[in-house]
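First listed ligand is number 1; within each ligand, the first listed atom is number 1.
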Amino acid sequence: MANGSPILSASTNLNDFVIATIGSHSALQILKGAKDEGFKTLAICKKGTERVYDKRGYGVADEIITVDAFEDWNDQLEEELIKRNAIIIPHGSFIAYMGHERVQSMKTMYYGTKEILEWESNRTMERQWMEKSGLVLPKIYSDPADIDKPVIVKFHGAGGGFGYFIARTPEQFWEVKNKKHPDNNDYAIQEYIVGVPLYAHYFQSPITGELEIMSFDKRYESNADSIGRIKAADQLAANIHTSYTIVGNIPIVVRESLLPKFLEMGENVVKVSKDITANGKGLFGPFCLECIVTRKLEIFCFEISARIVAGTNPFVEGSPYTALKYDVPMSTGRRIALDIRQAIEGGKLEEILG
Ligand code: ATP
């Protein structure tokens, strides 16, 4: 057994396991989904946030472990988790707090492929993965002098796209860059795609071998989604700079004719992920392709998220897509738990642990 307690993790009894995650991001649907599939649940909470997850709030956690800060993840905490035979479900905040390097050395059972996190977090590697998968990508400008159409300038590690800016010419680029970010040279210049943002949520099961589209969302971003509420002249006068801090997520149902393309894109990303990971397990479980769809219905993809995204949160009761496939409300959180349940009951737990 690669992870966890060798004796209990060979068990085919759900009662011998606990589904655990940190109390943030998409923990509510992950833990609710785990309970619906018959698991005991545990939330690791930052002091002061417990009431969302325990009986005072939504009651999705049977047990809470409180920490001062998620960054304090330590051996003692891991011991507690291993003792309970916990299976950790990673989500966006979990990866952000832990960092992909620390995740590699975790000893607690972990749902998903750890190795894929490096491919997701390194922009060059991520682009290689996306290119090999045949996705249509926004052009990258390595030299600002080549800017010949609108571009979005992205600073690495800029939370919520803070400081991103749009430029149309090399002169505009240097003007904003020198004025606002004189010392920051860690950026990528990407073709700005005019279209609507669309985030496609997938699930790839190693147990059934199937790829499913779970749902779609768009993000509600401040102040990118508020600037359009005032007229252009006022936008200029107010000197507002666009930021993309996510405030919430809005469900989307796409034109049905786009579904074959989205399925093909997801399948290719999974196929290539098996080639680029050393153990060949590739990407499985929930993932998201972050896209912009143009007026010609061309789908540009600008990022892969190799884990559950918060855009699945509106679908605690399932989505129009999962309603077509399942007879019970199937959130992405519950789909993860179903995968784990089937793996445990089928004696295939190792297949879903990274
Ligand atoms: P993360 O998703 O890793 O948290 P972030 O939110 O900081 O990153 P991005 O997701 O890269 O930043 O992008 C922020 C916003 O910019 C999103 O609204 C996205 O739709 C938009 N965007 C990103 N790349 C492009 C592009 N090439 N063309 C048009 N819009 C883009």
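With a 4.0 Å heavy-atom cut-off, ligand 1 is reached by the side chain of Tyr164 but not by its N, CA, C or O. In Tyr244, the part holding a heavy atom less than 4.0 Å from any atom of ligand 1 is the side chain. With a 4.0 Å cut-off on non-hydrogen atoms, Val194 does not touch ligand 1 at all. Only the backbone of Glu191 comes within contact range of ligand 1, with a heavy atom under 4.0 Å; no side-chain atom does. Of the heavy atoms in Tyr220, none comes closer than 4.0 Å to ligand 1.
For ligand 1, the atoms lying closer than 4.0 Å to a non-hydrogen atom of Pro197 are 20 (O). Of all atoms in ligand 1, listed by their number and element, those nearer than 4.0 Å to a heavy atom of Ile292 are 20 (O), 29 (C), 30 (N), 31 (C). Under a 4.0 Å criterion applied to the non-hydrogen atoms of Lys154, ligand 1 contributes the atoms 11 (O), 23 (C), 24 (N). Near Pro138, meaning under 4.0 Å from any of its heavy atoms, are these atoms of ligand 1: 27 (N). Close contacts between ligand 1 and Gln190 involve ligand atoms 24 (N), 25 (C), 26 (C), 27 (N) [criterion: under 4.0 Å to a heavy atom]. For ligand 1, the atoms lying closer than 4.0 Å to a non-hydrogen atom of Tyr199 are 17 (C), 19 (C), 20 (O). Remark: ligand 1 atoms within the under-4.0 Å shell around heavy atoms of Arg219 are 2 (O), 6 (O), 10 (O).
Polar contact with ligand 1: present for Glu303 (N/O pair, distance under 3.5 Å). Checked against a 3.5 angstrom limit, the closest N/O atoms of Ile193 and ligand 1 fall inside it.
A donor-acceptor pair is defined here as one N or O able to donate and one able to accept, closer than 3.5 Å; such a pair exists between the side chain of Thr208 and the backbone of Glu210. One N or O on the side chain of Ser273 and one on the backbone of Leu283 form a donor-acceptor pair closer than 3.5 Å. Of the possible donor and acceptor atoms, none in the side chain of Asp339 sits under 3.5 Å from a partner among the backbone N and O of Ser205. In this structure, Trp73 contributes its side chain and Met98 its backbone to no donor-acceptor pair below 3.5 Å.
Under 4.0 Å is where a charged nitrogen must lie from a carboxylate oxygen, and between Glu79 and Lys107 no such pair does.
Judged by distance alone, the side chains of Asn249 and Asp217 do bring a donor and an acceptor atom under 3.5 Å apart.
Clustering of Ile, Leu, Val, Met, Phe, Trp and Tyr side chains at separations under 4.5 Å places Ile250 together with Tyr220.
Remark: Asn239 pairs with His241 by the side chain to side chain contact (heavy atoms under 4.5 Å, CB included) rule, at least two apart or across chains.
When each of Lys40, Lys55, Lys35 is checked for a salt bridge (charged side-chain N to carboxylate O under 4.0 Å, His left out) with Asp62, only Lys35 meets the rule.
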